[in-house]
Amino acid sequence: MKYTPHSQGEIEAMLQTIGLESLDQLFDDIPREILDQCRLPDRPGMTEPRLRAHLRELAGENLSADDAPCFLGGGCSDAFIPAAVGELLAREEFYTAYTPYQPELSQGILQSIFEYQTYICRLTGLDIANASLYDGGSALASACAIAAEGTKKKTILLPETVHPDYAQIVKTYASSGIMNVQTVPAKNGATDPDALTAALSDQVAAVVIPQPNYFGCLEPAAEMIAAVRQNSAALVIMQVDPVSLALLKSPGEYGADIAVGDAQPLGSPMSYGGPHVGFMAVTQKLMRKIPGRLIGETTDADGNRAFVLTLQAREQHIRREKANSNICSNEALNALAASIYLTVVGPVGFRQAAERSHRLALYAREQFELRGMPLLYNRPFFREFVVGSDTPEEWIEATIDLWHKRYTGEDEALNAKKITFPDTTGGIPVEGGVLLAFTEKRTPEEIDQLVDVMDDAREAIQ
Amino acid sequence: MKLLFEKDVPGSNAFRFPMDDLPPATENIPHDQLRSTPVDLPELSEVEAVRHFVELSHRAFGVDDGTYALGSCTMKYSPKVNQWAAQLPGFADIHPNCVQPGADHLMCELQEMLADLTGMDAFTLQPAAGAHGELTGMMIIHAYLRDQGQNDRKVVLIPDSAHGTNPASAVMAGFTVRVVKSGPDGLVDLDDLAAKCGPDVAGLMLTNPNTLGLFEKNILEISRLVHDCGGLLYYDGANLNAIVGVARPGDMGFDVVHVNLHKTFSTPHGGGGPGAGPVGVKEFLRPYLPYPTIRRGEDGQIVFDADEEKSIGKVKSFFGNFGVCLKAYAYIKSVGYEGLKNAAQLAVLNANYLRCRLSEYFDIPFNTLCKHEFVASNLRQAPSGVRTLDIAKRLIDFKYHPPTIYFPMIVHEAMMFEPTETESKSRLDALAEAMKQIAREAETTPELVQGAPHNTVIGRPDETKAARNPVLSYKKPAQ
Amino acid sequence: MNIPENLRYTSTHEWVRFDGSQAFVGITDYAQSNLGDIVFVELPEIGAHLEVAAEAGTIESVKAVSPIYSPAAGNVVRTNAELESAPEKVNADPYESWFFVLEVSDPHAADSLLDAEAYRKICE
């Protein structure tokens, strides 16, 4: 297949206009020895029917959330996506456009991002939101970086309850020397406020509060922020699950300075971990520190409402080596998905998504405890928790095994998939247990099945 | 047009999740951790929500709407089969904490193909965009030099024609920037480069072809100068589409590259993202790649390595923008390596053809064989007071997306055209005719050009007002 | 272009008005007209010590950003907070829109700066 529209006659006419005789001459400015070295293996193209068969085959080897109920969370959520979201995102005007550099031609894209910014402000309770960052982890790292730059201090206090990938991304960004990461120990699944107080000093740029944290537990956020305010001038960065904000106190209500997170659960499919969408919101005071694109409202000469990219002097294309971030492409289409999602589900649906997840998790805890499988941490949670186990890997493996015997045994297509550990039904192994997630897509029956299987699997490995 | 927040009709949104199957349960969240007031979301019925976003789409312009010669952005056609593939549940609805053999195979093969095409030895798919790839690549160089005990190499050389992301990325990775001048031919000034090479140099970041669309034909000399002083060579793959299948950065002496899948490999730009910026390295830098790395084991099985010892760590959760990678994979499989070469040839043909057509009416500062893009200016229109901005805005009236303007900064009043290989000759002829008419208007009725655009939903917005009094979210007017 | 005779100048387009040991610093008419509509200024911190030609703050227009340099060594004793909320004053009246006041340590600091005539030549 090819996607170039030229006929041979057109190519010849165009070469003639340029004054060349062959396409090869177009590359006469490249040294011969470099051209000669470019000997590629033979890889012929494919017709669309063959390509589709091949892609379908690859997709078929994967275990999707359609194949078995997904109890995996940990920063990627098997969330329900209303049909209207995919339908609208498939409009070419959205997905084949680029960054709205020409506002007269791009009011639709600009307005959609302005609306997304407004949604993020309302969810987080903060004043200013940007047009999106790559994902939750890189958004957290960027928040730490601007805190270090803004406070002219270097220490970032990072609880050990932060998502391990997120923590690693922050440490990677810190390797340049712009910040030092200091880990704050946890006690019973959440940050130990005494340990936090002990770690605070006038050298601290920011304190990170994951809410809920990687183990699903709610952090003592109010107590932690009080300790920060009392003992330092550090900024407070809350890293939040956007769906939880339908129920939980917002970063703004807590008095945080920066909120970050991943808006994937709002309308973006899991896609094996990306593209997702990082969001960031800050207080008015930090408006000029926020990285990435910002859309602002203004008017044209006739007084019509208009939207433009604004405060661009912060950004790399103007400030170059002095910019506070290098970001250019972001995750605009996923941000648009979040906007469409929130509009389609509306205030009642959004709250129901959170409530349903939370109540399913409460129900699951009850069932696990009834069967003698207590949670590792006795703390309030939103929709994820850890069931205690000394041998989580073995337990998960046995669970997957049993699940398939019991529920997919008859399904030849599923059995044909060579699913290896860990599986969607088995949870994620963590220190001291198995991390499970309950999204609004789950049902009490699926949870009963999971609890049954995990109970039997536990006996099988004993 | 109203914002969706201004279309709020309480009671009109009927979307519901099932709640009747939930057994009663005891709340476990303390009252003081709960929200005091519900999130203020607008209520729209489904039909009104759909119409709102469809109306927004009517106020946008994509590649499928027409020629989008936005220089440096490679706005080529995105094949529809890629979109089809991304919707398959076996790609869209898969969780990254579950081993997914088909997806792993795809990522591994994509890495192998990118290595073939760039002449590098190992790849990571983790970076989410070109600039993210630059940051990753510069962190790899930083980690390598530190490992070699070369902590004094703090300076990254960057040509004055480079994208702003280059200096910003270098600084984020812990380096300082030393700017290398361009010569009168628009290429890196070799004398200036030689003078700026030294024992403090960590490396050079280079876009080739450069942002003027010119191939740095002295690349082997550039490579020798930088390597001789102990620095590494970083290839900004923003313009790889001009040479893919024809020449490889690995053969030019580059040690690290990033590629923009949303440029060279046809994945759609999404109104600003998502993209993907895989990074490739030569063998000696493999240990520094972000983990986990993916490779094919001896028996053909896919192996994930999480060797954290020398790795820079992670720059993104999970494996990167898989959903973007799979579209690039589908594209490469679809056209094959010969098809990629054909695309590069025709991208260069299109750019040179348009350059020749426009040079009759517009100043082309470096009017010589270019690669996939070229830079024009308003020099011939300036006497009548017509600026590059005016020409770009007038082009909108002819239903074209304007070129990139005021970049690169080394050309006064630059307009950078990149037609891409998916524009036909007749499309380019029509664009050239439109430009010809604008050139004529600039002479006869300059105010017509200066007042453009005339046929859009808004006139030129007041950007000064937007920046002086930033309004960055909607606030309900006081009752 | 307005270049008042009673002021001193730098080659980087700052103007300086001496008042005893204090120096008022702003940007010239030439600088503001080249930058275009100024949308934001970032001022130095009061008490900060600045060396000659040190970056004292930044000036943003819609599509550009440029630094303002200290014309002499000294400590910042006052800043013009009014410009933070009304940066357009720099465009409207550049010579009344001082950015900061330096307590200058070198009594001969003015001698190394340009006079109006020398500065006019730079702008030509």
Side-chain angles (χ1 to χ4, degrees), chain A residues 1 5 10 14 23 26 29 37 43-45 55 58-59 61-62 64-66 72 88 91-93 96-99 104 107-109 118 121 134 137 165 168 172 176 269 271-275 296-298 300 306 310 316-317 320-321 323 326 328-333 343 346-347 349 352 362, chain B residues 13 15 17 25 29 41 49 53 56-57 59-64 85 88-90 92-93 95-96 100-102 128-129 131 164 167-169 174 177 215 251 269-275 313-314 317-318 321-323 334-337 345 348 352-353 424-425 456 458-459 461 466 471 473-474:
Chain A
M1 182 63 190
E10 285 172 330
M14 291 167 81
L23 289 173
L26 291 165
D29 49 356
Q37 280 186 75
R43 228 182 224 279
L55 291 166
L58 284 180
E61 289 172 16
N62 302 324
S64 87
D66 273 9
L72 296 174
L88 290 165
R91 295 191 69 82
E92 63 80 19
E93 298 92 333
T96 75
Y98 191 39
T99 304
E104 299 87 347
Q107 282 301 295
I109 304 264
T118 303
C121 289
Y134 307 131
D165 273 11
Q168 182 54 60
T172 302
S176 64
S271 273
Y272 210 25
E297 183 180 337
T298 183
D300 69 5
T310 194
Q316 49 76 23
H317 60 283
R320 300 179 76 87
E321 69 268 25
N326 68 338
C328 184
S329 283
N330 53 23
E331 312 290 303
L333 198 68
T343 310
Q352 282 182 333
L362 290 170
Chain B
N13 185 309
F15 183 93
F17 283 97
I29 303 175
L41 301 182
F53 289 101
L56 287 181
S57 77
R59 296 172 152 232
F61 186 92
V63 172
D64 292 355
L88 292 172
D93 299 328
H95 195 286
Q100 308 283 10
S169 301
V177 171
F215 189 83
D251 300 331
H269 287 63
K314 273 177 164 289
S317 300
F318 311 116
N321 279 347
F322 171 78
S334 166
V335 300
Y337 287 175
Q345 286 175 328
V348 174
N352 279 288
Y353 179 71
S424 65
K425 177 174 180 294
T456 42
I458 57 156
V471 177
S473 64
Y474 172 73

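Numbers restart at 1 for each chain; the letters A, B, ... are given by sequence-line order, proteins then strands. Remember, it's a predicted structure, so these values are computed and weren't measured experimentally. Computation of the quantities below employed the complete heavy-atom set of this structure, encompassing side-chain atoms and omitting hydrogens, waters and symmetry-equivalent molecules.
- Your options are P274(B), G275(B), G313(B), and the one with the most heavy-atom pairs under 4.5 Å with chain A is P274(B).
- Per-residue heavy-atom pair counts under 4.5 Å with chain A were compared for G336(B), A128(B), P167(B), and the maximum is reached by P167(B).
- In this structure, chain B has a heavy atom under 4.5 Å from the side chain of L88(A), while its backbone stays farther away.
- If you measure heavy-atom distances from R43(A) to chain B, the contacts under 4.5 Å come from both the backbone and the side chain.
- The most heavy-atom pairs under 4.5 Å with chain B, out of G45(A), P275(A), A323(A), come from P275(A).
- Per-residue heavy-atom pair counts under 4.5 Å with chain A were compared for S424(B), P89(B), S334(B), and the maximum is reached by S334(B).
- For V177(B), the part lying near chain A is the side chain, with the backbone staying farther off; criterion is any non-hydrogen pair under 4.5 Å.
- Both the backbone and the side chain of D251(B) have a heavy atom closer than 4.5 Å to some heavy atom of chain A.
- Residues I458(B) and A306(A) approach most closely at CD1-CB, 3.6 Å, considering heavy atoms.
- Ranked by heavy-atom pairs under 4.5 Å with chain B, the list H317(A), E297(A), Q168(A) is led by Q168(A).
- For the residue pair L55(A) and A85(B), the shortest heavy atom distance occurs at CD1-CB, 3.7 Å.
- When F53(B), F322(B), F61(B) are compared by the number of non-hydrogen pairs under 4.5 Å with chain A, F53(B) comes out ahead.
- The structure places CD of E104(A) at 5.5 Å from OG1 of T456(B), a figure rounded to the nearest 0.5 Å.
- Between the side chain of T172(A) and the backbone N or O of K314(B), at least one donor-acceptor pair lies under 3.5 Å.
- Contact count against chain A (heavy-atom pairs under 4.5 Å) is highest for G273(B) among G273(B), G459(B), G174(B).
- Per-residue counts of heavy-atom pairs under 4.5 Å with chain A were compared for A49(B), A60(B), G271(B); the largest is that of G271(B).
- In terms of heavy-atom pairs under 4.5 angstrom with chain B, the leader among L23(A), L333(A), L58(A) is L58(A).
- A donor-acceptor pair under 3.5 Å is formed between the side chain of D165(A) and the backbone N or O of F318(B).
- Contacts of I29(B) with chain A are made by both backbone and side-chain atoms, with heavy-atom separations under 4.5 Å.
- Remark: the S169(B) side chain and the N326(A) side chain contain an N/O donor-acceptor pair separated by less than 3.5 Å.
- Residues P269(A) and D93(B) share a closest heavy-atom pair of CB-OD1, 4.0 Å.
- If you tally non-hydrogen atom pairs under 4.5 Å between each of G349(A), S329(A), S271(A) and chain B, the highest count goes to S271(A).
- T310(A) touches chain B through its side chain: at least one heavy atom from C-beta onward sits under 4.5 Å away, while N, CA, C and O do not.
- Residue contact with chain B, scored on non-hydrogen atoms closer than 4.5 Å, involves the backbone and the side chain of C328(A) alike.
- Between G164(B) and Q316(A), the shortest heavy-atom distance links the atoms C-OE1, 3.2 Å.
- Closest approach of E331(A) and N321(B) over heavy atoms only: OE1-ND2, 3.5 Å.
- When all heavy atoms of T118(A) and Y474(B) are compared, the pair lying nearest together is OG1-N, 2.9 Å.
- The backbone N or O of R91(A) lies less than 3.5 Å from no partner atom in the side chain of D64(B), so there is not a single donor-acceptor pair.
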